[in-house]
Student: 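Before I ask anything, here is the structure I am working with.
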Amino acid sequence: MADLLSNRLAETFGLDMGFDATLGQQEVVEAVSGADYNYQQGPLALKEEIERLFITPKGSLVDDPTYGIDLDIVGDTLYPPVAIGMARVAVLDALEHPSFSGRFRVEQLEVDWRPETPNALWIYGVLGVFGFEGSFWQFGPTALQLAQQ
């Protein structure tokens, strides 16, 4: 039974090498259990994948140049209504990447500009995870930094 649940979690959320955004650019957390790497499975794997998505510029992956967020679309405008709309398009495009298509759908996506952080847009949303209908997964807020004027 545990293997069946583990397989379902891996199919839905993914199975990936461990990643901790609080450690900066470190991509893999070395395992203490004697394994080569620390693998994450289930909701934590999806959380870490979304975090990596937000730090991956579109076109920067050699294996898949369509993965990531197209920050060029967002630009460097400080006119909030335009920047918010363009960021929403870029993030929605990234979250609809084919690698996510059988795993979740975007239920809600919000982009916010705050006067206290004028060079950043704040992204948060809700995903409906396939295989767990009726349950939703929230992410954010995550900041997209705009270029300084």
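The basis for the numbers below is simple: all heavy atoms, side chains too, and nothing from hydrogens, waters or symmetry mates. Quick caveat, the model's predicted, so the values are computed rather than measured.
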Student: Is the shortest side-chain heavy-atom distance between Glu51 and Thr142 below 4.5 Å?
Tutor: no
Student: Can you confirm whether Phe139 sits close enough to Leu127 that some side-chain heavy atom of one is under 4.5 Å from a side-chain heavy atom of the other?
Tutor: yes
Student: With side chains defined as the heavy atoms from C-beta onward, is the minimum distance between Leu109 and Arg88 less than 4.5 Å?
Tutor: yes
Student: With heavy-atom distances below 4.5 Å as the criterion, would you say the side chains of Trp122 and Arg114 are in contact?
Tutor: yes
Student: Work out which heavy atom in Val129 is nearest to a heavy atom in Phe104; give both atom names and the distance.
Tutor: CA-CB, 4.1 Å
Student: May I have the step-by-step check of side chain to side chain contact (heavy atoms under 4.5 Å, CB included) for Val91 and Leu144, ending in yes or no?
Tutor: CA-CA 10 Å; Val91 171; Leu144 286 181; 4.1 Å; yes
Student: Report the relative orientation of the aromatic rings in Phe100 and His97; use parallel for angles under 30°, tilted for 30 to 60°, perpendicular for over 60°.
Tutor: perpendicular
Student: Apply side chain to side chain contact (heavy atoms under 4.5 Å, CB included) to residues Ile50 and Leu95 and explain how you reach the verdict.
Tutor: CA-CA 8 Å; Ile50 297 296; Leu95 289 170; 3.8 Å; yes
Student: Do Val106 and Tyr67 share a hydrophobic cluster (ILVMFWY, side-chain heavy atoms under 4.5 Å, transitive)?
Tutor: yes
Student: Any chance you could measure Arg52, atom CZ, to Leu61, atom CG, to the nearest 0.5 Å?
Tutor: 10.0 Å
Student: Is any side-chain heavy atom of Asp70 closer than 4.5 Å to a side-chain heavy atom of Val89?
Tutor: no
Student: I want to check something: taking the side chain as every heavy atom from C-beta on, are Val111 and Tyr124 in contact at a cut-off of under 4.5 Å?
Tutor: no
Student: Can you give me the closest heavy-atom contact between Gly68 and Ala94, atom names plus distance?
Tutor: O-CB, 3.3 Å
Student: For residues Asp93 and Ile69, determine if any side-chain heavy atom of one lies less than 4.5 Å from a side-chain heavy atom of the other.
Tutor: no
Student: Looking only at heavy atoms, what is the nearest atom pair of Thr66 and Lys58, with distance?
Tutor: O-CE, 3.4 Å
Student: Using side chain to side chain donor-acceptor pair (under 3.5 Å) as the criterion, list what pairs up with Thr56, not counting sequence neighbours.
Tutor: none
Student: Does Val126 reach the side chain of Trp137, with side-chain heavy atoms less than 4.5 Å apart?
Tutor: no
Student: Using every non-hydrogen atom in the two residues, find where Trp113 and Pro118 come nearest and quote the distance to one decimal.
Tutor: NE1-O, 3.0 Å
Student: Suppose we screen for salt bridge (charged side-chain N to carboxylate O under 4.0 Å, His left out). Which residues come up paired with Glu107, at least two apart in sequence or across chains?
Tutor: Arg105
